[in-house]
There are 2 protein chains.
Amino acid sequence: MAKVDTSLVAHLPLFAGVTPEALDEILREARSARYPKNSAIFEQGAGAQSFFLLLHGHVRAAKTSPTGEQIVVRYVAPGETFGLAMAIGATRYPATAIAVEDSVVLIWPISAWPRLVERFPSLAANTLQTVGTRLQESHTRILEMSTQQVEQRVAHALLRLAKQSGKKLDHGIEIDFPISRQDIAQMTGTTLHTVSRILSGWESQGLVESGRQRIILRDPHGIVVLAERNADSGPA
Amino acid sequence: MAKVDTSLVAHLPLFAGVTPEALDEILREARSARYPKNSAIFEQGAGAQSFFLLLHGHVRAAKTSPTGEQIVVRYVAPGETFGLAMAIGATRYPATAIAVEDSVVLIWPISAWPRLVERFPSLAANTLQTVGTRLQESHTRILEMSTQQVEQRVAHALLRLAKQSGKKLDHGIEIDFPISRQDIAQMTGTTLHTVSRILSGWESQGLVESGRQRIILRDPHGIVVLAERNADSGPA
DNA sequence: CCGATAGTTTGCGATAGCGCAAAACGGGAC
DNA sequence: GTCCCGTTTTGCGCTATCGCAAACTATCGG
């Protein structure tokens, strides 16, 4: 099996406090795989057999209701873990994961988790940390959905994406993976129509530049003004 | 210091896989305290000095936005932990905890956590489990807020409360702590006015019986019908 | 180069739920 | 018993946002 270069992942939060030798041992249990754009990595409801670490690309985690409506739970950026069903004791994946770009992931069999945690307790601590952080972010999202109107929510969502996965350009920050109006709608609890109207508005104000699955927050004003539009949010 | 009876807490998920002696040691690090109805246990933004286990009573965790709007994050039932800021590496509480009834809690100093986790790794694993479960519930809540309308959300919220903290009566299930229309509104992302209208409607249909801070899901139909209202809303 | 496909824009009517305001109600304090 | 205060109910106009429909436009395969 092709070895994974430890130096590429050693600095990740997941492996904080793990010695190089231990890391090596951990990585030996994983295999890597490549998922082409738009392919599913796992489906909601399927038996959870693995957990994942994204090395390259971007992954969308989406949750579907019994009636077929869907939300985007989050976008996974390189270095982040996903599909942690086992950590919470679930036997099935609670969401679907789709590669939105050609992506490379590390895959551990779920059966390796108990053993790894026993040998390297910091794995559990680190995972607890990231899951806890995500819980907080969820609460913030609920707060926003409860108290802000759509335009503010979209502004905030884009700012977060820019922060997480923004590529700096000379005239602004581009969200570094393909994302549609529909996706943004599913992140903010609205419809693609409304998102389209909002972005059109911002575009005509010179705040953003956007096209098919492409969004750029323009630098002089875009970022500042959008941030002000939620005259409330603190540091993300 | 008054000793806590281990037999009262031994069965809790938090202590799964912990030997009685270990439990004893863990409990020795805690103190207990009583909070009267409507008193604050900790405030959002305050430095996190402790984490808590509710022994008796009920606690409301609420998060306030910078603009002063508030949501109810959850109600804590006996046996559940709360104020786990340390587990996620936060130094301040991300929400406010208020006793909605006279309540008794166990309190550990946050400084004890690293040591406890090191000695008893299952604590970390168990905490990861509960935090993960809460994360899932949050996602479900977001999904609901995005896709359902207010009446469905209120129905679902009440059913969850009944399940978590319902007291069985001969004519139905009563939510076993004081809860106002306003509280329900803050759990479901609406206003107390709308909640009031919805409950009035249900009351006149005989589905619920409600009064000042008191809600009873009536047995023959209340529970079933509210559950169905959730399943899918076909054309009314 | 062209057609097909998926994503985007825009108009317009419909409406769920908000927000304000005022009145009714219930429970506890004294 | 009576007063007071927090909670609940209800009416009514308003509007943000949805939902549908149709036109438009990049992008990709061939």
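Every value quoted in this text rests on a predicted model; they were computed, and no experiment measured them. So that the names make sense, note that chain A is the first sequence line, chain B the second, and so on, each numbered from 1.
- As a whole-Å value, the separation of Q213(A) CD from dT27(D) P is 10 Å.
- The separation between I184(A) atom CD1 and dG7(C) atom P is 13 Å, rounded to whole Å.
- Within the 4.0 Å cut-off from OP1 or OP2 of dT8(C), not a single side-chain nitrogen or oxygen of S196(A) is found.
- Using cut-offs of 30° and 60° on the angle between ring planes, the pair H58(A) and F177(A) is tilted.
- Separating the CG atom of L199(A) from the P atom of dT25(D) is a distance of 18 Å, rounded to the nearest angstrom.
- With rounding to whole Å, R181(A) atom CZ is found 13 Å from dT10(C) atom C1'.
- Per the geometry, CD belonging to Q149(A) stands 12 Å off P belonging to dC18(C), to the nearest Å.
- Within the nucleic acid shown, G189(A) comes within 4.0 Å of sugar-phosphate atoms alone, with no base atom in reach, counting heavy atoms only.
- Rounded to an integer number of Å, the gap from NZ of K37(A) to C1' of dT27(D) is 10 Å.
- Looking at heavy-atom distances under 4.0 Å, R212(B) makes contact with a base.
- Taking the nucleotide of DNA chain C with the nearest heavy atom to each of V150(B) and V195(A), the more 5' of the two is matched to V195(A).
- Listed candidates were dT8(D), dC18(D), dC18(C). Nearest to the side chain of T191(B) is dC18(C).
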- request: Give the C-alpha distance, both sets of side-chain angles, the deciding distance and a yes or no for salt bridge (charged side-chain N to carboxylate O under 4.0 Å, His left out) between R160(A) and E137(A).
  value: CA-CA 11 Å; R160(A) 274 189 292 239; E137(A) 289 165 355; over 6 Å; no
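- In this structure, L192(A) places its CG atom 15 Å from P of dA21(D), rounding to the nearest Å.
- In summary, the side chains of S65(B) and T67(B) do present a donor paired with an acceptor at a separation below 3.5 Å, with no hydrogens or angles considered.
- The side chain of T194(A) contributes an N or O atom lying less than 4.0 Å from OP1 or OP2 of dC18(D).
- No donor-acceptor pair closer than 3.5 Å links the side chain of Q136(B) to the backbone N or O of T133(B).
- One donor-acceptor pair, N or O on each side, does fall under 3.5 Å between the base of dG19(D) and the side chain of R197(A).
- With no hydrogens or angles considered, a side-chain donor-acceptor pair links R181(A) and S210(A) at under 3.5 Å.
- In this model, a side-chain donor or acceptor of H193(A) finds a partner on the base of dT10(C) within 3.5 Å.
- The side chain of S200(B) places an N or O atom within less than 4.0 Å of a non-bridging phosphate oxygen (OP1 or OP2) of dT10(D).
- Residue S180(B) places no side-chain N or O under 4.0 Å from the OP1 or OP2 atom of dG6(D).
- Atoms CH2 (W202(B)) and C1' (dT10(D)) sit 18 Å apart, rounded to a whole Å.
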